[in-house]
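Below is one structure, written out as structure tokens; the observations come after it.
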Amino acid sequence: MDTVKPITPRNGMFRIAYLLLYEVRPRQWIKNAFLFAPIIFAEKMTDSWCLIRIIVAVVSFCLISSATYLYNDICDKERDRNHPVKKMRPIASGELGIVTAAIFGVILAAIGFLCAAWIDGSFFWTAATYGALQIGYSIILKKIVLLDLFSVAAGFVLRVSAGAFAINVPASVWLLLCTMLLALFLALAKRRHEYVLLGDEAVQHRATLVQYHPALLDQMIGIVTSAIVISYAMYTMAPESIARVGGPDLLYTVPFVLYGLFRYLFLIHNQQAGGEPEKTLLSDWPLIINGLAYGITVIIMLYLVKS
């Protein structure tokens, strides 16, 4: 039954629109910035047609992902009520009705897939696979230990693959590997935050948390962190990277990657961050400055200066 309050001057369409906007989580759209990776590293940012296609691709993924967030929150409304933060979400709190949220989700998904179809068939099916993965995650995958982490990582790999399909370039295997490892790093940090924050009530929110514990998570985080650094360093020295830049100059961006990882680990252990990666990445100024410096350095090397 729809639980949205009757439309009144103080609680009308604007209030419903606000609640829907809150539920679709626009802050998490930053994750879809991974679609830009292929166009940046393929040196096609100056190609206006490729840029238009990648922007439409990002819009498509934002709409599809927002639709899956709505579906996930509908499925998880009871569990979210046991979480100190998620219980404030409109669906969990009862402010936003399930029928309203479901209809809006269908509309978002339909527009998102129309955008995907406009690009081409390969991109459409990648977007469809991503949508199916998110639904599968909401239903069953998030309840299976370890597979919940790899499902999150697969979503990011699909984003990068979709970005490559959108501009018709092959996705670098090194780029896909680094993306998978970085996504695992963020997912592990989130699980650790949930475990530490919720304590004995963790399992009531997420079933797999009973099978994780900080020592195991810290060990896996250490392994993945090392793998990220090694994989990225090897990517900068790969023949394709050297040919693209005209030398091994991308190796000089490794310190930015190291600092970003170390700063995130500092925030996890010293400030109990990591529960919402998008919030952490967008609110911590050292991380923001480091990310901007990394991006500017890469663009200068790829587009302005070549050895």
Side-chain angles (χ1 to χ4, degrees), residues 1-35 58-116 127-128 130-143 148 151-152 155-156 158-159 186-187 190-191 193-194 197-198 204-207 273-283:
M1 181 176 179
D2 201 326
T3 59
V4 173
K5 297 177 181 178
I7 296 175
T8 68
R10 295 177 62 84
N11 182 34
M13 295 301 297
F14 286 110
R15 178 62 178 170
I16 295 175
Y18 170 79
L19 295 174
L20 287 170
L21 182 62
Y22 186 97
E23 274 290 348
V24 301
R25 309 208 263 286
R27 188 166 57 194
Q28 295 207 23
W29 291 346
I30 187 176
K31 297 175 182 178
N32 296 317
F34 275 82
L35 276 86
V58 170
V59 170
S60 172
F61 264 69
C62 287
L63 294 174
I64 294 170
S65 61
S66 287
T68 62
Y69 295 150
L70 285 165
Y71 179 79
N72 180 74
D73 285 358
I74 290 172
C75 294
D76 275 3
K77 63 183 184 300
E78 297 300 330
R79 286 183 178 273
D80 286 348
R81 287 168 184 161
N82 295 317
H83 192 283
V85 176
K86 294 181 180 181
K87 67 181 181 181
M88 302 305 296
R89 289 176 178 172
I91 292 176
S93 67
E95 278 196 272
L96 182 64
I98 293 176
V99 172
T100 302
I103 292 174
F104 191 63
V106 170
I107 293 172
L108 290 179
I111 298 173
F113 283 118
L114 283 174
C115 291
Y130 170 80
L133 175 67
Q134 298 309 303
I135 297 299
Y137 179 83
S138 296
I139 296 173
I140 186 64
L141 292 174
K142 67 182 179 183
K143 301 175 183 177
D148 60 331
S151 298
V152 172
F156 281 87
L158 285 171
R159 286 178 174 96
L186 296 174
K190 183 172 183 176
R191 292 293 179 273
H193 176 272
E194 290 174 339
L197 176 67
L198 298 174
Q204 297 179 30
H205 171 66
R206 192 185 298 275
E276 296 179 274
E278 66 285 350
K279 181 178 180 180
T280 303
L281 294 171
L282 292 174
S283 62

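Just so it is clear, the values below take in all heavy atoms, side chains as well, and ignore hydrogens, waters and symmetry mates. The shown structure was predicted, so the numbers you read here are calculated from the model rather than taken from an experiment.
- Residues satisfying the ring pair (Phe, Tyr, Trp, His ring centres under 6.0 Å) test with F113, not counting sequence neighbours, are F124.
- Residues passing the side chain to side chain contact (heavy atoms under 4.5 Å, CB included) test with T280, sequence neighbours excluded: Y264, L267, A273, L287.
- Contact record, S60 with G112: OG-O, 2.8 Å, taken as the closest heavy-atom pair.
- Side chain of E278 to backbone of I30: no donor-acceptor contact under 3.5 angstrom is found.
- Cation-pi geometry between R159 and F156 is met: the NZ or CZ atom falls under 6.0 Å from the ring centre, inside 45° of the normal.
- Scored by the side-chain hydrogen bond (donor to acceptor under 3.5 Å, both in side chains) test, S138 finds N72 as partners (sequence neighbours excluded).
- In this structure, I139 and Y71 have side chains that are in contact, with non-hydrogen atoms separated by less than 4.5 Å.
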**Report entry** Candidate pair R25 and D73, rule side-chain contact (heavy atoms from CB on, under 4.5 Å), full reasoning
**Finding:** CA-CA 11 Å; R25 309 208 263 286; D73 285 358; 2.6 Å; yes

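- For the pair C115 and F61, the minimum side-chain heavy-atom distance is 4.5 Å or more.
- Residues meeting the side-chain hydrogen bond (donor to acceptor under 3.5 Å, both in side chains) test with Y69, sequence neighbours left out: Q28.
- Residues I74 and A101 come closest through the heavy atom pair CD1-CB, 4.1 Å.
- Between W29 and V58 there is no side-chain heavy-atom pair separated by less than 4.5 Å.
- Applying the side-chain hydrogen bond (donor to acceptor under 3.5 Å, both in side chains) test to T68 and every residue at least two apart in sequence or in another chain returns nothing.
- A distance of 5.5 Å separates OH in Y130 from CG in N32, rounded to the nearest 0.5 Å.
- Just one of L63, L70, L19 meets the side chain to side chain contact (heavy atoms under 4.5 Å, CB included) condition when paired with V24; it is L70.
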Requested in this report: Take I64 and Q134 through the test side-chain contact (heavy atoms from CB on, under 4.5 Å) and record every step on the way to the result.
Outcome: CA-CA 9 Å; I64 294 170; Q134 298 309 303; over 6 Å; no

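- I107 is linked by a side chain to side chain contact (heavy atoms under 4.5 Å, CB included) to I103, I111, counting only residues two or more places apart in sequence or in another chain.
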Requested in this report: Evaluate the side-chain contact (heavy atoms from CB on, under 4.5 Å) criterion for residues V152 and L186: first the C-alpha distance (whole Å), next the side-chain angles of each, then the deciding distance (0.1 Å), finally the verdict.
Outcome: CA-CA 9 Å; V152 172; L186 296 174; over 6 Å; no

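- Across every non-hydrogen atom of Y137 and D148, the tightest pair is CE1-O, 3.6 Å.
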